[in-house]
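Computed from a prediction, not measured in an experiment: that's the story for all the values here.
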Amino acid sequence: MSGKEKSTESIPKVPSHINRKLATSFQKSRLSPDIVPFLFEEIRKGSIVALSQGITLVESKKEQDNILAQELIQKCLPYSGNSVRIGITGVPGVGKSTFIETLGTYWMTQHKKLAVLAVDPSSSMTKGSIMGDKTRMEKLAASDQVFIRPSAAGTSLGGVTQMTRETIILCEAAGYERIIVETVGVGQSETAVYHMTDIFLLLKLAGAGDELQGIKRGIIELADAILINKDDGDNQLATKKAKNHFSKALHLLSVKENDWQPKVLSCSALHNKGIAEANLMIAQYVQFTKQNKSFDRRRKQQDINWLHKTIENRLLSQFYQNKQLQSEIASLEKLVVNKKLSPFQAAETLLKKFT
């Protein structure tokens with residue numbers, strides 16, 4: 001059997017007439033109602049094709065697609081929640097993709113199904129994204145145990161897309177036991193991933209000049225563990241010093257609500273150093289939080305947060321899509337630019353008309 005034949009057989013088979021229907025429907029964004037039950041059944045069987053198409057449906061901005069997407073999510077919801085959700089963030093160049101590939105490869109030896117939801121930053125000018133995560137994770141991309149979904153961040157803050165939570169639900173319904181959410185970077189606003197994952201890992205570099213930033217409140221206090229990457233070669237001494245600095249910094253912060261003491265580990269994803277220790281720490285965290293019931297409490301609080309964020313996003317979308325307000329917004333913008341009206345007064349005027 002040729003390599004081409006093998007790769008074809010590894011992809012879940014989808015009936016040709018459904019494939020044509022889906023392709024046509026997605027291009028025209030006019031999905032027929034019977035698509036949802038089919039997608040749900042195929043997702044439950046572990047079909048990567050159906051999962052990808054389901055996520056595309058969820059990420060669609062069209063109102064008709066949104067209705068079907070919510071129906072699909074509702075069907076998948078009872079089959080979700082059985083994974084460990086891991087948030088990973090860090091500055092560009094810290095080695096997030098290499099770390100994820102090495103850790104994911106380690107999980108593959110344990111026969112764990114892994115989904116990687118990688119969020120790429122969107123250009124503020126062109127609105128485009130590179131979406132190159134699959135090329136940076138070649139080993140994982142070639143495995144049938146791993147599903148990698150790059151998505152554009154768009155205008156969403158928090159280092160994730162607006163529909164990342166929904167995507168997690170679909171991946172869990174498809175049977176993925178580990179779900180990694182890789183954020184676009186790190187900053188004061190990029191903490192949304194904390195509110196949708198079970199454990200939040202912050203990757204750092206030694207010698208980058210930000211060791212003392214550990215004493216500042218912000219993303220550091222959200223981290224359940226700090227991993228100092230690239231602990232190899234001439235960087236090992238600097239890594240040891242950074243590990244000491246961050247350990248001291250974490251002790252200055254308040255005790256976490258779940259009583260977990262954040263850990264500081266060093267690793268070299270490139271040389272597979274410290275990866276087994278990172279996996280053990282994640283397992284210890286899950287066991288600890290499940291025993292003291294904080295794991296479930298965090299999940300429930302995240303569901304409430306998801307509800308509130310969904311309300312905010314829906315209201316914002318409805319506001320800007322309101323045709324009666326669109327011309328009013330344009331005229332008020334001119335008044336604001338010409339300093340005849342303050343932005344606050346203009347906003348008050350628009351919000352009163354909207355409500």
* In this structure, are over 12 heavy atoms from other groups packed under 6.0 Å from Q74 atom CD? -> no

* **Q324 CD: over 12 foreign heavy atoms closer than 6.0 Å** =>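 For Q324, atom CD is not crowded (no more than 12 foreign heavy atoms under 6.0 Å).
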
* Backbone N/O of G81 and side chain of E172: donor-acceptor pair under 3.5 Å ->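 It does hold such a pair.
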
For the residue pair [Y] / [X], report whether a side-chain donor-acceptor contact shorter than 3.5 Å exists.
X: T56; Y: R149; value: yes
X: E177; Y: S83; value: no
X: N292; Y: R297; value: no

* Which of parallel (below 30°), tilted (30 to 60°) and perpendicular (above 60°) describes F354 and F319? -> perpendicular

* To do: Please state whether the rings of W260 and Y285 are parallel, tilted or perpendicular, taking 30° and 60° as the class boundaries.
  => perpendicular

* Structure fact -> Those residues at least two apart in sequence (or on a different chain) that pass salt bridge (Lys or Arg N to Asp or Glu O under 4.0 Å) with E63 are R314

* Structure fact -> To the nearest 0.5 Å, atom CG of L170 lies from atom CG of L57 at 9.0 Å

* Asked: CG/L341 to CD/E348 distance, rounded to the nearest 0.5 angstrom?
  -> 11.0 Å

Side-chain donor-acceptor pairs of residues 224-231 under 3.5 Å, sequence neighbours excluded:
from	atom 1	to	atom 2	distance (Å)
D224	OD2	F200	N	2.8
D224	OD2	R298	NH1	3.3
N229	OD1	A269	N	3.1
N229	ND2	V94	O	3.0
K230	NZ	G93	O	2.8
D231	OD2	S266	OG	3.3
D231	OD2	K273	NZ	3.2

